[in-house]
Amino acid sequence: MSIPILSTESFDKDYISTCISNGLIGFSPGPNPLLPCKTVIAGFIHEHPTMQFEQFSPAPYPLGLDLIIDEHSMRDNPDSVIVLKQSLDMSNGELTTSMKMRYGSDSYLDVTVLQFASRSVPCLIAQEIRLKTDRECTLKINTKIDEENIRVNEFKTRTRDTTGGWYSVDLIDNVKALQSDRCRLGIAQIIPRGNDITQKEISRYEMKLKPGIEKSFQMISSVVADIYHFEPHLEAIRLARWGDMVGYDRLKLHNRSAWDELWKSRIKVTGCDEEDQQALDVAFYYLHSNIHPSTKTGFPPFGLTQNGAYYGHNFWDTDLWTFIPTVLVQPEAGKATIEYRHKGLDAAKNRAKLFGYRGAQYPWEASIDGSEVTPSCCPTGWAQQHTTVGVAWCAWEYYMATGDDFGLKDFVWPIIKNINEWVESRGRFTRRGFEFDMMMGPDEHINDLSNQTYFNLLAKKSIQAGIECCKIMGYSVPRNWNNIYRNIFIPMDNNHGVVLPYDPDSIVTAYDENSNRFIKKKLTLEGQTYSLGNLHFLFVHGMPVDDKIFKNTYMAEEKIRLERDPEPGVPGSERAPSFTSPVYMACAAFNDEREKSAELFKNSWKPYWLDPYGMTLEYQSQDYGSYITSFGSLLQQTMLGLTGLRIKTDDNWSEYESKLPDGWESIDINQLYIKGKSVSIHASHGKKAVIDENNN
């Protein structure tokens, strides 16, 4: 099966656009891609209009155009445009749209638009417009940086001048120096000269068309947020001119080459049906189109596809749900994620001080500088602290995956050291061991828990990572770390060998649906209050319990899961978020429930699929995608969960036999990067995966 090309010829009210992205710029063209569309720029932020925290700002559309024949404007007469077909080629990230524009009484202009976001120069996006008409005419082309209905203003106004600098018409076409209430943005457009196109003035061009003869022109736009340069409008000009010098054709060729390299890491399944293979390919495409080695702003749950959904903030998704399929395919993009967390270390240290702890306490929702930006009405902003230990484990997984000794010293160790100092101050020794109270786990309906299991297990892994770090770097292990590691308390039902979700003696703050508020009560470990998945969520990250305890816990929780009514806390149910089903899919296969695993694989994507481009939902009740966290979950559970591979400090990653869903025979990946080496993976059901070094 080839890499998907998803197409549509239906553009009714149910049409959902795709997002063209490269990790710095994301834009979502509508049926007519020359009209304004949703655009998100990494680092371009504003203040939420009511809740006042930082969020991604809507950005101007950098590829706007108007086509005019005989004073008939495409923009002024949108109903004169008939969109025939639109296709997204996921092999190279190119969106092609075919349209007809009626002008005069019976004349038509054929318009084909090809757009892409450059991976070779990630501040550039480009398009080519091919035109053919049925009579001789002069086509006027007006370029436009669309900023209507966006809360920005110009901090530098461009006037026509002949003295050079950024004002010169000979230097560049459209330029905008814009600012929100939080930052600045520069956008520059250029139409490379040639192809019989004539510039009349800034943003005004003409082209002579003859009947039946196709002509074309290209546009290259650069976008720079001030997180990358303090004078973003001037740097945008330089980069647009660089794009002009490289040329549209080379940019397109280099972009295709970059995608060819990424697709060497395609997950190819023998034995699954075509739609499941397509689901994996779509997940791969959207995840990797939303992250880049040049990304400085982390990896929000919706990437650059939305500005309003979770506001562009970084959650635990960044560290534990999208990181593994990133770092094993794009090690430098994985490094960019860890550098983002390292950049936020000072903010995390300050936050720990405010809470009265030592070390570093990372936020639940992180801004682009790493500060806490959770809406102040949400208890997750103070109670959901498991993100902190997740950041430590992610940093350690980066080192284990890459073997980057310089990164270990420069940013992995500082992150882990400070987080473990926080862990040490956050817990306390009791007669039962080292315990933590006042905690919210992944189940956001309950907080103020004692010994929330997911947190305690991950804290144990964080301390383990710190101890290993010290050994590698030749440092003495801090005095308490070994003792804490051995004694972190894990709530257990010892009679059945089952890990419990939290200390059953907890008196907690729990959400009550009837009153729509949080109330204090003593919980019983039954029904909705039995939080599921605390072990499952660590399945591909290496669980600090033995396999027998995991299997006992899995079987005990499956009985509860299957008896529960649909709700967000019941993975696989119609109300569950889409990222949870892949976890249960891999765990079912591990426990030899192959038919259930196959059902859960289908459930992990199909009910959440948005036609025509597979922009996956977070919840089935929503109407917007693309939830990158779900894609990351599906990819990492397939790459590691099903194959039995686990990221380790040594080279023996084949920890378990591969256990695949019913009907699946094998999984092949031609290229992953392990400790700087290009390797291939072959995993047949019932056998340990084979890792071979590639001879590149």
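Since this is a predicted model, take the numbers as computed values, not measurements.
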task: Output all residues satisfying side chain to side chain donor-acceptor pair (under 3.5 Å) with Y285, sequence neighbours left out; order by chain, then residue number.
output: none

- prompt: Does Y627 offer a backbone N or O that forms a donor-acceptor pair with the side chain of S630 under 3.5 Å?
  reply: no

query: Sequence neighbours excluded, which residues qualify as side-chain contact (heavy atoms from CB on, under 4.5 Å) partners of N92?
result: D89, E94, R256

- request: Go through the side-chain N and O atoms of T305 and S626 and say whether any donor and acceptor fall under 3.5 Å apart.
  value: no

- request: With rounding to the nearest 0.5 Å, note down the distance linking CG in D181 to CZ in R151.
  value: 5.5 Å

- prompt: Between L24 and T295, is any pair of side-chain heavy atoms under 4.5 Å apart?
  reply: yes

query: Taking atom CG of D611 and atom CG of L6, what is their separation to the nearest 0.5 Å?
result: 9.0 Å

- prompt: How would you list, by chain and number, every residue that makes a side chain to side chain donor-acceptor pair (under 3.5 Å) with K264, sequence neighbours excluded?
  reply: E261

- request: Start with the C-alpha distance between Y228 and F44, add both sets of side-chain angles, then the distance that settles ring pair (Phe, Tyr, Trp, His ring centres under 6.0 Å), and finish with yes or no.
  value: CA-CA 10 Å; Y228 288 93; F44 185 55; over 10 Å; no

- prompt: Between N22 (side chain) and P122 (backbone), is there a donor-acceptor pair under 3.5 Å?
  reply: yes

- prompt: Do other residues, nucleotides or ligands put more than 12 heavy atoms under 6.0 Å from the CD atom of E274?
  reply: no

statement: For residues 289-303, the salt bridge (Lys or Arg N to Asp or Glu O under 4.0 Å) pairs (sequence neighbours left out) are none

query: Using 4.0 Å as the upper bound for N to carboxylate O, is an ion pair formed by D146 and R75?
result: yes

query: Do Q306 side-chain atoms and G625 backbone N/O form a donor-acceptor pair below 3.5 Å?
result: yes

- request: Using the ring-ring contact (aromatic ring centres under 6.0 Å, His included) rule, collect all pairs that involve residues 119-139, keeping only residues at least two apart or in two chains.
  value: none

query: Counting only N and O atoms by type, is there a donor-acceptor contact under 3.5 Å from the side chain of N307 to the main-chain atoms of T39?
result: no

message: Pairing donors with acceptors under 3.5 angstrom, does anything connect the side chains of Q189 and K176?
response: no

Show me the donor-acceptor pairs within less than 3.5 Å that the side chains of residues 11-21 make with the rest of the protein, sequence neighbours left out.
unit_1, atom_1, unit_2, atom_2, d
D12, OD1, D14, N, 3.0
Y15, OH, Q86, OE1, 2.5
T18, OG1, Y286, OH, 2.8
S21, OG, G23, N, 3.4
S21, OG, I25, O, 3.1
S21, OG, S289, O, 3.1

- prompt: Looking only at heavy atoms, what is the nearest atom pair of N314 and P300, with distance?
  reply: OD1-N, 3.6 Å

Donor-acceptor pair between Q671 and S678 side chains, under 3.5 angstrom: yes

message: Are more than 12 heavy atoms, taken from residues, nucleotides or ligands other than K38, located less than 6.0 Å from that residue's NZ atom?
response: yes

- request: Could you please spell out the steps behind the side-chain contact (heavy atoms from CB on, under 4.5 Å) verdict for E214 and D110?
  value: CA-CA 9 Å; E214 184 176 83; D110 294 334; over 6 Å; no

F155 and H233 aromatic ring geometry - parallel, tilted or perpendicular at 30°/60° bounds: perpendicular

message: Restricting to non-hydrogen atoms, name the atom on V327 and the atom on A401 that form the minimum distance, rounded to 0.1 Å.
response: CG1-CB, 4.2 Å

task: On the 0 to 90° scale, with breaks at 30° and 60°, tag the F284-H288 ring pair as parallel, tilted or perpendicular.
output: tilted

field: Minimum heavy-atom distance between R182 and F53, given as atom pair plus value
entry: NH2-C, 4.2 Å

Partner set under ring pair (Phe, Tyr, Trp, His ring centres under 6.0 Å) for Y624, not counting sequence neighbours: F302

- prompt: Taking all atoms of both residues into account, what is the closest heavy-atom pair of L63 and S221, and its distance?
  reply: CD2-OG, 3.5 Å

query: Is the backbone N or O of L251 less than 3.5 Å from a side-chain atom of N255, with the two atoms forming a donor-acceptor pair by type?
result: no

- prompt: Which residues pass the side chain to side chain donor-acceptor pair (under 3.5 Å) test with D281, sequence neighbours left out?
  reply: R266, Q277

- prompt: So, does D173 use its side chain to make a donor-acceptor pair with the main chain of S203 at under 3.5 Å?
  reply: yes

message: Among residues at least two apart in sequence or on other chains, which ones pass salt bridge (charged side-chain N to carboxylate O under 4.0 Å, His left out) with R119?
response: none

field: Interatomic spacing from CD in E147 to CG in N153 - rounded to 0.5 Å
entry: 9.0 Å

message: Run the side-chain contact (heavy atoms from CB on, under 4.5 Å) test on L124 and S222 for me, step by step, so that the C-alpha distance in whole Å, both residues' side-chain angles and the decisive distance to 0.1 Å come before the verdict.
response: CA-CA 5 Å; L124 300 182; S222 64; 3.5 Å; yes

task: Kindly give the heavy-atom pair with the smallest separation between I220 and G247, and that separation in Å.
output: CD1-C, 4.5 Å

message: Using the salt bridge (charged side-chain N to carboxylate O under 4.0 Å, His left out) criterion, which residues pair with K140? Sequence neighbours excluded.
response: E71

- request: Please report the closest heavy-atom contact between I3 and S91, naming both atoms and the distance.
  value: CG2-N, 3.5 Å

message: I'd like to know if the side chain of N290 and the backbone of F299 have a donor-acceptor N/O pair within less than 3.5 Å.
response: no

Let me check something: any side-chain donor-acceptor pairs from residues 102-109 under 3.5 Å, sequence neighbours excluded? List them with distances.
unit_1, atom_1, unit_2, atom_2, d
Y103, OH, T133, OG1, 2.5
S107, OG, R135, NE, 3.2

- request: Would you please test Y310 and E618 for side-chain contact (heavy atoms from CB on, under 4.5 Å) and show each step?
  value: CA-CA 11 Å; Y310 295 127; E618 180 185 9; 2.8 Å; yes

Check: S367 main-chain N/O paired with Y311 side-chain donor or acceptor under 3.5 Å: no

message: Run S10 and T8 through side-chain hydrogen bond (donor to acceptor under 3.5 Å, both in side chains) and show every step you take.
response: CA-CA 6 Å; S10 175; T8 185; 5.0 Å; no

field: D317: partners by salt bridge (charged side-chain N to carboxylate O under 4.0 Å, His left out), with sequence neighbours left out
entry: none

query: Is there side-chain contact between M99 and P33, with heavy atoms separated by less than 4.5 Å?
result: yes

query: Is there a donor-acceptor contact under 3.5 Å from the side chain of D226 to the main chain of R184?
result: yes

message: When you measure from the side chain of E206 to the backbone of K200, do you find a donor-acceptor pair of N or O atoms at a distance under 3.5 Å?
response: no

- request: Measure the spacing between NE2 of H46 and CD1 of I150 and express it to the nearest 0.5 Å.
  value: 10.0 Å

Within the 6.0 Å centroid threshold, strictly below: Y608 and F579: no

- prompt: Is any side-chain heavy atom of N32 closer than 4.5 Å to a side-chain heavy atom of T97?
  reply: no

query: Hey, which of K208, K215, K210 is the one that makes salt bridge (Lys or Arg N to Asp or Glu O under 4.0 Å) with D196?
result: K215

message: For a side-chain contact (heavy atoms from CB on, under 4.5 Å) check, start with the C-alpha distance between L131 and V111, then their side-chain angles and the critical distance, and finish with the verdict.
response: CA-CA 5 Å; L131 305 155; V111 183; 3.9 Å; yes

